Amino acid sequence: MASIDYIERIPNNVNLAENRRLLRALEDWQPKFLEWWHDMGPDGYQAKEVYLRTAISVDAKGWAQFGYTRMPEYRWGIFLAEPETDRRINFGDHQGQPAWQEVPGEYRGTLRRLIVTQGDTEPASVEQQRHLGRTCPSLYDLRNLFQVNVEEGRHLWAMVYILDAHFGRDGREESEALLQRRSGDRDKPRILGAFNEKTPDWLSFYMFCFFTDRDGKYQLACLAESGFDPLSRTCRFMLTEEAHHMFVGESGVGRIVQRACEIMRDHKTEDVRKYGGVDLPTIQKYINFHCSVSLDLFGSEVSTNAANFYTMGLKGRFEETKKKDDHRLKDGTYPVLTLDGDRIVSREEAALVSLNERLRDDYIADCQRGVNRWNEIIKSHGIDFTLALPHRGFRRAIGAFAEVKVSPEGRIVSEAEWDARHREWLPTEEDAAYVGSLMQPVTEPGKVAGWIAPPARGINGQPGDFEYVRLG
Ligand code: BYC
């Protein structure tokens with residue numbers, strides 16, 4: 001088991017002390033990170049003690065320790081999953097060769113770009129969520145928000161480590177730039193669309209954790225297959241933390257669904273808003289929005305970038321090594337939904353250029369499983385309503401469907417129909433204002449806001465009235 005050295009100024013399990021140059025680069029970056037965290041991290045809670053989980057080792061079991069920490073004192077650092085002996089490149093043109101421990105020169109630019117794109121999302125999400133603390137529905141939820149935030153901070157560290165350790169001066173410049181871009185900023189926005197959207201309320205936050213963090217799971221899983229071993233190892237460890245973020249999303253939405261159903265059942269009404277809940281049709285609109293924004297994160301259906309990442313051995317498929325094919329994909333095809341005039345049709349495309357779509361398929365199937373669990377909650381209350389994922393062509397800004405307007409059911413609609421009906425499909429200003437009006441902070445231990453059901457169990461087995469954040 002590789003435990004983490006917390007004596008060092010920068011906690012790590014990579015023998016940082018022996019690499020003076022890298023240590024200096026990271027020591028130079030650390031105060032800038034902390035400055036960014038103070039400016040852009042959770043607003044108003046920097047001095048509060050939060051019951052956080054901190055990684056203490058990187059093996060599968062027992063890597064987490066719980067205790068009160070002030071967020072700026074969280075032990076961010078460099079933690080890589082254990083090396084695999086004799087690891088090989090498992091796909092693409094270099095299949096069978098030993099995994100790279102150093103950046104392959106010919107792929108330097110491409111690899112750097114992938115790492116920067118991944119790294120950019122991490123601080124972006126912290127920025128998006130920075131005001132949510134002030135309207136938390138409970139101390140339990142507040143703590144979960146902060147846990148997600150500090151871990152995204154650590155994921156930024158993970159990418160900065162790779163940049164500083166392996167990309168010399170360019171890498172250090174990119175590390176600085178990661179702290180300079182800002183979510184939603186007109187002049188220096190974050191790289192990917194979803195990370196420039198607002199997360200103004202907790203329903204949006206849970207949706208973000210469910211849909212957008214799940215993109216993180218799938219992208220990290222592909223990077224964990226990388227032939228560039230340091231990237232693979234760091235992503236493997238990041239994935240262990242990502243699971244909790246998706247739990248926060250799925251259980252958060254599930255609790256809102258449950259509260260809506262309780263109100264419907266107890267008051268024999270569909271007018272959930274009258275009793276201070278979020279009605280199921282509004283939840284559906286938020287699903288439509290967050291799902292479509294997150295589907296864009298997979299890139300175009302047919303992408304030579306994706307083919308190149310794969311052929312170069314830099315980014316694999318989800319569960320690459322479990323797949324039983326040649327892992328080169330030069331000959332195969334893959335069915336891709338695309339436009340044919342004003343129809344949506346399935347077309348066989350070369351497997352290599354279809355990798356984004358294949359990953360999107362894996363992702364949609366995973367999202368659907370979560371939606372099914374929400375529907376189980378609805379069904380268990382005897383209510384006839386089904387939440388659904390929107391069609392993959394709905395409200396897309398990237399890829400073939402960006403050219404047309406598609407209804408949530410997957411029908412191409414005219415601009416006129418879109419204009420007349422998009423308010424039925426997406427949150428309106430009134431919906432957002434209503435959800436916003438519910439966002440009144442509840443900070444008494446054990447109390448939970450009226451629009452969301454209490455959590456099924458506490459964090460780390462703690463009782464319902466546990467003081468997850470000491471606000472006093
Ligand atoms: N927004 O061939 P295309 C996470 C650009 S989330 C803006 O369609 P490609 C997390 C693209 O960059 C996981 N631009 O796509 C979650 C390209 O630009 P250039 C993040 C976009 O390259 C929650 C052009 O369009 N990790 O960890 O095959 C909280 C044509 O590209 C978008 C990664 O994304 C967009 N949505 O694939 C915290 C993994 N989509 O080259 C964290 C690394 C595409 O023409 N990134 N473009 O200037 C990648 O693997 C790829 O860059 C993408 C795009 C999958 C994103």
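No experiment lies behind these values; they were computed from the predicted model shown.
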Please report the C-alpha distance between D187 and R182 in whole Å, then the side-chain angles of each, then the deciding distance to 0.1 Å, and finally whether the salt bridge (charged side-chain N to carboxylate O under 4.0 Å, His left out) criterion is met. CA-CA 9 Å; D187 300 324; R182 290 283 180 274; over 6 Å; no

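- Remark: side-chain polar atoms of N12 are paired, donor with acceptor, to backbone N or O of N15 under 3.5 angstrom.
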Begin from the C-alpha positions of R369 and D366 and carry the test salt bridge (charged side-chain N to carboxylate O under 4.0 Å, His left out) through to its verdict. CA-CA 5 Å; R369 287 189 282 273; D366 201 27; 3.1 Å; yes

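- Taking every heavy atom of both residues into account, C235 and L223 meet most closely at SG-CB, 3.7 Å.
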Residues E241, H155; criterion side chain to side chain donor-acceptor pair (under 3.5 Å); working and verdict: CA-CA 9 Å; E241 291 168 327; H155 292 181; 2.7 Å; yes

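- More than 12 heavy-atom neighbours from other residues, nucleotides or ligands sit within 6.0 angstrom of CD on Q180.
- Annotation: R457, atom CZ; neighbour count of heavy atoms from other residues, nucleotides and ligands within 6.0 Å does not exceed 12.
- T428 and D431 are linked by a side-chain donor-acceptor pair at a separation below 3.5 angstrom, with hydrogens and angles left out of the test.
- Using a 4.0 Å cut-off between charged nitrogen and carboxylate oxygen, E429 and R423 count as a salt-bridge pair.
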Side chain to side chain contact (heavy atoms under 4.5 Å, CB included) assessment of I191 paired with V116: CA-CA 9 Å; I191 296 171; V116 166; 3.8 Å; yes

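- Under the side-chain contact (heavy atoms from CB on, under 4.5 Å) criterion, P31 pairs with no residue at all, not counting sequence neighbours.
- Ring orientation note: the planes of W36 and F33 are tilted relative to one another, at an angle of 30° to 60°.
- Ring geometry for Y161 versus H166: interplanar angle over 60°, hence perpendicular rather than tilted (30 to 60°).
- Counting heavy atoms of neighbouring residues, nucleotides and ligands inside a 6.0 Å radius, atom NZ of K447 does not exceed 12 of them.
- Panel note: side chain R273, backbone D279; no donor-acceptor pair is recorded below 3.5 Å.
- Shown here is E444, whose CD atom has no more than 12 heavy atoms of other residues, nucleotides or ligands within 6.0 Å.
- Rounded to the nearest 0.5 Å, atoms CG (L52) and OH (Y468) are 12.5 Å apart.
- Residue K188 qualifies as enclosed at atom NZ: its count of foreign heavy atoms under 6.0 Å is above 12.
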F247 vs H244, test: side chain to side chain contact (heavy atoms under 4.5 Å, CB included). Steps then yes/no. CA-CA 5 Å; F247 161 79; H244 173 69; 4.0 Å; yes

Starting from the C-alpha separation in whole Å, work towards a yes-or-no answer on salt bridge (charged side-chain N to carboxylate O under 4.0 Å, His left out) for R190 and E122. CA-CA 10 Å; R190 292 295 173 182; E122 317 291 359; over 6 Å; no

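- Between K32 and E35, none of the side-chain N atoms (NZ, or NE/NH1/NH2) sits under 4.0 Å from a carboxylate O, so this pair counts as no salt bridge.
- Each of I377, I263, I452, I378 was evaluated against Q258; a single residue qualifies, I377, per the side chain to side chain contact (heavy atoms under 4.5 Å, CB included) test.
- Atom CG of residue L192 and atom OG of residue S294 lie 11.0 Å apart, to the nearest 0.5 angstrom.
- In this structure, a donor-acceptor pair under 3.5 Å is present between the side chains of S232 and R236.
- The pair R172-D28 does not meet the salt-bridge criterion, since no charged nitrogen lies less than 4.0 angstrom from a carboxylate oxygen.
- Between atom CE of residue M246 and atom CG of residue D213 there is a gap of 7.0 Å, rounded to the nearest 0.5 Å.
- In this structure, Q128 contributes its side chain and E197 its backbone to a donor-acceptor pair below 3.5 Å.
- Here the straight-line distance linking atom CG of L22 with atom CZ of R20 works out to 10.5 Å at 0.5 Å rounding.
- Of the possible donor and acceptor atoms, none in the side chain of H381 sits under 3.5 Å from a partner among the backbone N and O of I383.
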Go through it in stages, so that I can follow the logic: the residues are Q46 and W37, the test is side chain to side chain donor-acceptor pair (under 3.5 Å), and I'd like the CA-CA distance, side-chain angles, deciding distance and then a yes or no. CA-CA 9 Å; Q46 303 281 354; W37 180 268; 2.9 Å; yes

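- For the atom pair CG of L26 and CG of D164, the computed distance is 5.0 Å after rounding to the nearest 0.5 Å.
- Because its NZ or CZ atom is not both nearer than 6.0 Å to the ring centre of F237 and within 45° of the ring axis, R233 does not count as a cation-pi partner of that residue.
- Judged by distance alone, the side chains of N460 and Y51 do bring a donor and an acceptor atom under 3.5 Å apart.
- Under the side-chain contact (heavy atoms from CB on, under 4.5 Å) criterion, H131 pairs with D43, not counting sequence neighbours.
- A heavy-atom distance below 4.5 Å is not found between the side chains of D361 and F318.
- Counting all heavy atoms, side chain and backbone alike, T234 lies closest to A158 at OG1-CB, 3.3 Å.
- Side chain of D141 to main chain of C136: no donor-acceptor pair is present (N/O by atom type, distance under 3.5 Å, no hydrogens or angles).
- Within the 3.5 Å criterion, the main-chain N or O of R392 finds a donor-acceptor partner in the side chain of R396.
- Listed by chain and number, the residues in a ring pair (Phe, Tyr, Trp, His ring centres under 6.0 Å) with F167 amount to none (sequence neighbours excluded).
- In this structure, Y45 contributes its side chain and V50 its backbone to no donor-acceptor pair below 3.5 Å.
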Do R53 and E151 pass the salt bridge (charged side-chain N to carboxylate O under 4.0 Å, His left out) test, and can you show the C-alpha distance, the side-chain angles, and the key distance before you say yes or no? CA-CA 9 Å; R53 174 182 76 174; E151 286 174 355; 2.8 Å; yes

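- Ring centroid separation for the pair W202 and W451 does not come in under the 6.0 Å cut-off.
- Distance CG/L295 to CZ/R360: 6.5 Å, rounded to 0.5 Å.
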Given L139 and L471, is the side chain to side chain contact (heavy atoms under 4.5 Å, CB included) satisfied, shown in steps? CA-CA 9 Å; L139 286 184; L471 295 175; 3.8 Å; yes

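- Counting all heavy atoms, side chain and backbone alike, R395 lies closest to F289 at NH2-CE1, 3.3 Å.
- Closest non-hydrogen pair, T269 versus D271, comes out as OG1-N, 2.8 Å.
- A donor-acceptor contact closer than 3.5 angstrom links the side chains of Q368 and N372.
- Classified by interplanar angle (parallel below 30°, tilted 30° to 60°, perpendicular above 60°), the ring pair H422/W418 is parallel.
- Ring geometry for W157 against W29 counts as perpendicular: the plane angle is over 60°, on a 0 to 90° scale with 30° as the lower cut.
- Between the side chain of T117 and the backbone N or O of R113, at least one donor-acceptor pair lies under 3.5 Å.
- A donor-acceptor contact shorter than 3.5 Å is absent between the side chain of Q462 and the backbone of Y140.
- With respect to the salt-bridge test (charged N to carboxylate O, under 4.0 angstrom), the residues E127 and R130 do not qualify.
- Taking a 6.0 Å sphere around CD of E49, one finds it holds more than 12 heavy atoms contributed by other residues, nucleotides or ligands.
- Without hydrogens or angle criteria, S183 side chain to F195 main chain gives a donor-acceptor distance under 3.5 Å.
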